[in-house]
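Note sheet for the following structure.
Scope of the values below: all heavy atoms of this structure, side chains included, with no hydrogens, waters or symmetry mates.
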Amino acid sequence: MVTINSPSIDLSSYRDQHFKGTRAEQDRLLRISTTLYVGNLSFYTTEEQIYELFSRCGDIRRVIMGLDKYKKTPCGFCFVEYYTREDAENCLRYINGTRLDDRIVRTDWDAGFIEGRQYGRGKTGGQVRDEYRTDYDSGRSGYGKIIQQKMGGNAAKF
């Protein structure tokens with residue numbers, strides 16, 4: 001296997017803190033993975049839109065939409081698994097940083113999807129970052145969850 005050193009396909013410094021194994025095992029899996037984590041999605045982005053954009057880089061094995069663990073509604077991330085590493089590398093080169101639903105898509109290597117990881121890890125069921133957000137974001141259900149709770153749920157309507 002030939003390794004190409006390109007800033008767009010190198011491993012980032014982020015590591016999944018819930019990974020079951022050593023850092024060395026995680027790094028090894030990241031270097032051979034065909035799975036990408038995709039973040040900063042709108043809550044309204046559909047699986048069909050993900051397929052349409054990401055299939056431009058190659059054949060997709062599957063898309064796993066991130067869901068609020070309580071409501072089972074989309075919560076702004078997904079996993080895209082390609083058949084080949086080359087296609088996943090192309091996605092990091094060409095799709096990362098592009099717009100989808102008026103949002104900048106962020107992609108990164110994932111060590112491989114494991115059942116259960118499709119659910120948000122925040123206390124309220126979504127992503128942790130959306131709980132503490134203080135700005136209004138129409139693509140991510142309005143204000144952050146903590147502000148919405150303080151305002152009795154009315155914050156999402158402003």
* Asked: Would a distance-only check, ignoring hydrogens and angles, find a side-chain to backbone donor-acceptor pair under 3.5 Å from Arg15 to Ser12?
  -> yes
* To do: Could I get the full list of side chain to side chain donor-acceptor pair (under 3.5 Å) partners for Asp101, not counting sequence neighbours?
  => Thr45, Gln49
* Asked: In chain order, what residues pass the salt bridge (Lys or Arg N to Asp or Glu O under 4.0 Å) check against Asp87, with sequence neighbours excluded?
  -> none
* Asked: Do Val38 and Phe54 come close enough that some side-chain heavy atom pair is under 4.5 Å?
  -> yes
Sequence neighbours left out, cut at 3.5 Å: what donor-acceptor pairs do the side chains of residues 58-67 make with other protein atoms?
| unit_1 | atom_1 | unit_2 | atom_2 | d |
| --- | --- | --- | --- | --- |
| Arg61 | NH1 | Glu81 | OE2 | 3.1 |
| Arg62 | NE | Glu81 | OE1 | 2.8 |
| Arg62 | NH2 | Glu81 | OE1 | 3.3 |

* To do: Verify, without hydrogens or angle tests, whether Asn40 (side chain) and Ile104 (backbone) share a donor-acceptor contact under 3.5 angstrom.
  => yes
* Asked: Around Tyr94, counting heavy atoms of other residues, nucleotides and ligands shown, do more than 12 lie under 6.0 Å from its OH?
  -> no
* Asked: Is it true that atom CD of Glu86 has more than 12 heavy atoms of other residues, nucleotides or ligands lying nearer than 6.0 Å?
  -> no
* Asked: Can you find a heavy atom in the side chain of Asn96 that is under 4.5 Å from one in the side chain of Val105?
  -> no
* Asked: Is there a side-chain contact between Pro74 and Tyr44 (heavy atoms, below 4.5 Å)?
  -> no
* To do: Measure the acute angle between the ring planes of Tyr37 and Phe77, then classify it against the limits of 30° and 60° as parallel, tilted or perpendicular.
  => parallel
* To do: Report the distance from atom SG of Cys91 to atom OH of Tyr82, rounding to the nearest 0.5 Å.
  => 3.5 Å
* **Main-chain N/O of Ala111 paired with Ser33 side-chain donor or acceptor, under 3.5 Å** => no
* Asked: How many angstroms lie between atom CG of Asp108 and atom OH of Tyr14, to the nearest 0.5 angstrom?
  -> 8.5 Å
* Asked: In chain order, what residues pass the side chain to side chain donor-acceptor pair (under 3.5 Å) check against Thr98, with sequence neighbours excluded?
  -> none
* To do: Would you mind reporting whether Leu41 and Ile50 have side-chain heavy atoms less than 4.5 Å apart?
  => yes
* Structure fact -> Result for side chain to side chain contact (heavy atoms under 4.5 Å, CB included) between Cys57 and one of Leu92, Leu36, Ile95 points to Ile95
* Report the residues that fulfil side-chain contact (heavy atoms from CB on, under 4.5 Å) with Ile114, sequence neighbours left out, ordered by chain and then residue number. => Arg117
* salt bridge (charged side-chain N to carboxylate O under 4.0 Å, His left out) contacts in which one or both residues fall within residues 43-56, not counting sequence neighbours -> none
* In Å, rounded to the nearest 0.5 Å, how long is the span from OG1 of Thr35 to CG of Leu29? -> 10.0 Å
* Asked: Is any side-chain heavy atom of Arg31 closer than 4.5 Å to a side-chain heavy atom of Trp109?
  -> no
* Hey, any chance Tyr51 and Leu100 share a hydrophobic cluster, counting ILVMFWY side chains that come within less than 4.5 Å of each other, even indirectly? -> yes
* **Worked check of side chain to side chain contact (heavy atoms under 4.5 Å, CB included) between Thr22 and Glu25** => CA-CA 5 Å; Thr22 66; Glu25 288 172 302; 3.1 Å; yes
* To do: Carefully, step by step, assess Asp27 and Arg23 under the rule salt bridge (Lys or Arg N to Asp or Glu O under 4.0 Å).
  => CA-CA 6 Å; Asp27 285 353; Arg23 173 76 182 249; 3.6 Å; yes
